[in-house]
Amino acid sequence: MSYPIETVRHSLAHVLAAAVQKLFPDVKFAGGPAIENGFYYDFDTEHRFSEEDFPKIEKEMRELIKSNGRFEQRFVDLDEAKGLFKFQPYKMEWLNEYDAAGEKLSVYTFRDFTDLCRGPHVESSKDLPRDSFKIRTVAGAYWKGDAKNKMLQRIYVDAFLTREDLEQFLKMQEEAAARDNRKLGKDMDLFHFEPEYAPGAVFWHNNGYRIYRKLIEYLRARQERAGYLEISTPSIMDRCLWERSGHWAKYGAHNYSGKTQDGKTFCVKPMSCPGGMLVFGQGIKSYKDLPLYLAEFGKVCRYEAAGGLSGLMRVREFTQDDAHIFCTEEQLETEVVKILRFIKDIYGKFGFDKISMKLATRPNSEFRIGSDEVWDKAEGALKHALDANGIEYEIAEGDAAFYGPKIDNYLRDSMGRVWQCGTVQLDMNLPERFDLSYVGEDGEKHRPIMLHRALLGSIERFMGVLLESTGGNLPLWLSPEPVVVTPISEKQADYANEVVSALRAAGVYCRADLRDEKVNYKIRELSLAKTPIIAVVGDKEMADKSVTLRHFGSDKQETIALADFVAQMAEAIKMPL
RNA sequence: GCCAGUUUAGCUCAGCUGGUAGAGCAUCUGAUUUGUAAUCAGAGGGUCGUUGGUUCAAGUCCGACAACUGGCACCA
């Protein structure tokens, strides 16, 4: 009998728990679901799991599977369940909170291990594979996902239906690791980190900074065409600004701040919004000025927890492609739709055809401001904008910011991890706190609706995802160095320089590789650095004013006239507006 | 911040049970002038993350701190 992979994974989680119980009898069980490529189970035991335990545990799991144990389901009432799990504090905590008088609870027993579990499970462990799972790692995880609770030990296991699937998965993981943004950053000479001097902050090298600048140039061009205005606000401002915005109370501890000689506390900006509010607040705004789009490529600094830093994906200093949109209530939905389309279109240009969207709704009342009516309206507007445009999304219950609901979009890195990138957020807080207003048709003052919006989110993070998705093989318009000209010997050095000059005159960034090395050597090295086009010039090319091209990922050669090449390149590096 | 692991030359890594460091690539010098993924030869380069301790002796054992990696929490 064959079962869905989720059932197999979940049943294997019980086998893991049974194996751990056998090897470490003091263990207390929390829970263990099936996940994307396998499953995990959370344990609490005096023993600290380490890699050395993995083979022992896997062996025990295989033994248990071999024993053809049955997964037996029983239904018990609450009191009976409390008796069964009286030595299992985590199960008891769950039972004590469980409030469903009269309802029966489902309990599964496999060998000596009994768990509170809805199932479904396989009938017998003979339905489970013995050689298509592998313990990946052990990691800490808080009970109930709350940092105030005890940290448990979570064992992650990769699990598939067949050995081939597992092996294929492991191989893919290996290949994905080769596309890690940190590795590509080194291979392509894009950036580096200085853990001693600036943990979590990027030192951009020429190549990386060229990509970074191109991303911003592209966004700027797109935004200008969409009617955005671009502003720039100070990096360091008095603490009282963030007190006014309400962020200090909530996030003050994550700010970089310091005292100045006049005894004031200044703070490096962790976000651009308050500055944007002050710009909007200048002069008198009319309803005729709305919607008003104020964009800012603001570099922001946040003291992120040390354990959360990760290459380009999570840094302490990054540039947001932020914008604040001021509009009327009637314009709100149209503006949200415009942003969503903007995001979709731009992501498509980077090759991200499907992006996952989440609508984050109001957090618990103690963590939010504004009345329920306003939240209803705000959430309704965002939801309607999504629905009316056939955009697929999930709802992230309670995940909104304290000041309003938002739509976030997520991209995955090469290892499948999900990162928040673009965002549309409705803010019911800042217009109030900065007392923003516009004069309406009726001659009265009105409060504008304000939307935060980021397309890529953080330039750093987006570049990280982009590098991983392309394996560093960027499209020509984004490539930091689309062409390198390589003479066969020093006899053609002058001609190589001539080719470079012609390309540069056409706006193509390039250089000649005049090193005293064999062509083979240079081809290899340039290929490893992912140079998209290598233009080789020898006596033949010099004689007839041509170049021989080799494109990344191919060993085909193509000889074309220099003038044609220059014209082609000038076209190929144009931004896809 | 929490849990686990890791930290040796510019990079990738070796150094078993403690006996004061090694490879490949890169760099530099010389030779070579090269036709599509590594030309040959020589040379230089490390207070083994930092800091305490154990020991006659520590890259190796123990502690603290830091950073990094993988998770968890956080993410305005």
Side-chain angles (χ1 to χ4, degrees), chain A residues 40 42 48-52 136-156 177 180 182-183 186-187 189 192-200 242 245-255 269-274 300 302-311 313-316 320 322 399-404 406 408 415 417 419-420 423 425 427 429-430 452 457-458 461 486-493 515-528 534-541 548-552 554-557 559:
Chain A
Y40 67 75
D42 287 347
R48 302 277 101 185
F49 292 117
S50 74
E51 254 179 64
E52 287 149 37
R136 181 174 30 182
T137 186
V138 56
Y142 297 107
W143 166 236
K144 287 183 173 172
D146 189 335
K148 289 196 284 289
N149 292 336
K150 184 169 186 187
M151 182 160 267
L152 310 170
Q153 297 186 76
R154 174 172 296 177
I155 295 181
Y156 282 95
D180 187 287
R182 290 159 291 207
K183 184 174 171 0
K186 263 180 200 152
D187 292 349
D189 192 16
H192 84 279
F193 289 92
E194 290 283 347
E196 189 187 349
Y197 302 116
W242 283 281
S245 74
H247 292 105
W248 187 269
K250 206 167 158 51
Y251 298 107
H254 297 279
N255 285 178
K269 74 173 168 190
M271 60 190 1
S272 300
C273 348
V300 297
R302 302 173 176 181
Y303 183 82
E304 301 284 4
L309 302 176
S310 178
M313 303 303 193
R314 190 83 183 268
V315 288
R316 285 183 173 154
Q320 275 183 324
D322 208 354
D399 271 359
F402 70 92
Y403 49 73
K406 56 177 182 166
D408 292 326
M415 300 301 285
R417 287 171 293 221
W419 299 96
Q420 193 211 112
T423 186
Q425 314 188 351
D427 193 321
N429 178 48
L430 290 177
H452 300 259
S458 138
R461 174 178 292 180
T486 304
I488 298 285
S489 79
E490 69 186 19
K491 283 182 290 181
Q492 302 92 22
R515 289 175 306 166
D516 172 20
E517 295 290 352
K518 289 191 162 183
V519 192
N520 278 318
Y521 179 88
K522 294 188 198 174
I523 297 274
R524 175 181 158 79
E525 208 175 54
L526 293 168
S527 299
L528 289 174
I534 302 171
V536 178
V537 293
D539 286 336
K540 273 192 306 193
E541 288 79 5
T548 296
L549 306 179
R550 180 192 171 111
H551 291 262
F552 180 82
S554 158
D555 55 5
K556 287 208 183 74
Q557 297 176 39
T559 302

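No experiment lies behind these values; they were computed from the predicted model shown. Quick note on labels: first sequence line is chain A, next is B, and so on, each numbered from 1.
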Using a 4.0 Å heavy-atom cut-off, does [X] contact any base of the nucleic acid, only the sugar-phosphate backbone, or nothing at all?
{"X": "K406(A)", "result": "sugar-phosphate"}
{"X": "G246(A)", "result": "nothing"}
{"X": "K491(A)", "result": "sugar-phosphate"}
{"X": "T486(A)", "result": "nothing"}
{"X": "H452(A)", "result": "nothing"}
{"X": "V519(A)", "result": "sugar-phosphate"}
{"X": "D322(A)", "result": "nothing"}
{"X": "R417(A)", "result": "sugar-phosphate"}
{"X": "K250(A)", "result": "nothing"}
{"X": "E525(A)", "result": "nothing"}

Find the partner of [N]: check Watson-Crick (N1-N3 plus N6-O4 or O6-N4) and G-U wobble (N1-O2, O6-N3) distances, both under 3.5 Å, and reply none if neither fits.
{"N": "C75(B)", "result": "none"}
{"N": "U47(B)", "result": "none"}
{"N": "U6(B)", "result": "A67(B)"}
{"N": "C61(B)", "result": "G53(B)"}
{"N": "G30(B)", "result": "C40(B)"}
{"N": "A14(B)", "result": "none"}
{"N": "A21(B)", "result": "none"}

Hey, are the side chains of R550(A) and V536(A) touching, using non-hydrogen atoms and a 4.5 Å cut-off?
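R550(A) vs V536(A): side chains apart.
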May I ask you to test the K556(A)-H551(A) pair for a side-chain heavy-atom distance under 4.5 Å?
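SC-SC contact between K556(A) and H551(A) ruled out.
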By nearest nucleotide on RNA chain B, pick out whichever of P199(A) and E51(A) is the more 5' one.
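Here E51(A) is the residue nearer the 5' end.
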Mapping Y251(A) and A305(A) onto RNA chain B by nearest heavy atom, which one lands closer to the 5' end?
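Final value for this comparison: A305(A).
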Look at the side chain of [X] and the base of [N], then say whether one donor and one acceptor between them are separated by less than 3.5 Å.
{"X": "R314(A)", "N": "C75(B)", "value": "yes"}
{"X": "E541(A)", "N": "G35(B)", "value": "yes"}
{"X": "D427(A)", "N": "A76(B)", "value": "no"}

Straight-line distance of D539(A) CG to Q492(A) CD, nearest 0.5 Å:
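D539(A) atom CG to Q492(A) atom CD measures 4.5 Å (nearest 0.5 Å).
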Taking OP1 and OP2 of [N], is either one under 4.0 Å from a side-chain nitrogen or oxygen of [X]?
{"X": "Y303(A)", "N": "G1(B)", "result": "yes"}
{"X": "R48(A)", "N": "C3(B)", "result": "no"}
{"X": "R182(A)", "N": "G70(B)", "result": "yes"}
{"X": "R550(A)", "N": "A37(B)", "result": "yes"}
{"X": "N520(A)", "N": "U36(B)", "result": "no"}
{"X": "R136(A)", "N": "G71(B)", "result": "no"}
{"X": "K186(A)", "N": "U12(B)", "result": "yes"}
{"X": "Y521(A)", "N": "G35(B)", "result": "no"}
{"X": "K183(A)", "N": "C11(B)", "result": "no"}

Measuring from the side chain of [X] (C-beta onward, heavy atoms only), which nucleotide among [options] has the closest atom?
{"X": "L309(A)", "options": "C68(B), G70(B), A76(B)", "value": "C68(B)"}
{"X": "I523(A)", "options": "A76(B), G1(B), U36(B)", "value": "U36(B)"}
{"X": "E304(A)", "options": "G35(B), C74(B), G1(B)", "value": "C74(B)"}
{"X": "S489(A)", "options": "G1(B), U33(B), U36(B)", "value": "U33(B)"}
{"X": "Y142(A)", "options": "U36(B), A73(B), G71(B)", "value": "A73(B)"}
{"X": "D539(A)", "options": "C2(B), G35(B), G71(B)", "value": "G35(B)"}

How far apart are the closest heavy atoms of [X] and [Y], and which atoms are they?
{"X": "S272(A)", "Y": "D322(A)", "value": "CB-OD2, 3.7 Å"}
{"X": "S527(A)", "Y": "I534(A)", "value": "OG-CD1, 4.2 Å"}
{"X": "W143(A)", "Y": "N149(A)", "value": "O-ND2, 2.8 Å"}
{"X": "P487(A)", "Y": "K522(A)", "value": "O-NZ, 3.8 Å"}

Interatomic distance, [X] [atom1] vs [N] [atom2] [rounded to whole Å]:
{"X": "Y156(A)", "N": "C72(B)", "atom1": "OH", "atom2": "C1'", "value": "7 Å"}
{"X": "D180(A)", "N": "U12(B)", "atom1": "CG", "atom2": "C1'", "value": "15 Å"}
{"X": "D187(A)", "N": "G10(B)", "atom1": "CG", "atom2": "P", "value": "18 Å"}
{"X": "E194(A)", "N": "G49(B)", "atom1": "CD", "atom2": "C1'", "value": "14 Å"}
{"X": "M151(A)", "N": "C72(B)", "atom1": "CE", "atom2": "C1'", "value": "5 Å"}
{"X": "E196(A)", "N": "A66(B)", "atom1": "CD", "atom2": "P", "value": "14 Å"}
{"X": "Y403(A)", "N": "C75(B)", "atom1": "OH", "atom2": "P", "value": "11 Å"}
{"X": "R302(A)", "N": "A76(B)", "atom1": "CZ", "atom2": "C1'", "value": "5 Å"}

Below 4.0 angstrom, N of the basic side chain to O of the carboxylate: do K406(A) and D408(A) qualify?
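The answer is yes: the pair qualifies as a salt bridge.
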Provide the distance between the two [atom1] atoms, one in [N] and one in [M], to the nearest whole Å.
{"N": "G46(B)", "M": "A41(B)", "atom1": "P", "value": "24 Å"}
{"N": "A9(B)", "M": "G15(B)", "atom1": "P", "value": "15 Å"}
{"N": "A57(B)", "M": "G52(B)", "atom1": "P", "value": "16 Å"}
{"N": "C25(B)", "M": "G63(B)", "atom1": "P", "value": "39 Å"}
{"N": "G45(B)", "M": "C28(B)", "atom1": "C1'", "value": "10 Å"}
{"N": "U8(B)", "M": "G24(B)", "atom1": "C1'", "value": "15 Å"}
{"N": "G22(B)", "M": "A14(B)", "atom1": "C1'", "value": "7 Å"}
{"N": "A37(B)", "M": "G42(B)", "atom1": "P", "value": "27 Å"}

Does CD belonging to E194(A) count more than 12 external heavy atoms closer than 6.0 Å?
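Above 12, so yes.
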Ring geometry between Y251(A) and F402(A) (parallel below 30°, tilted from 30 to 60°, perpendicular above 60°)
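Tilted: the ring planes of F402(A) and Y251(A) meet at 30° to 60°.
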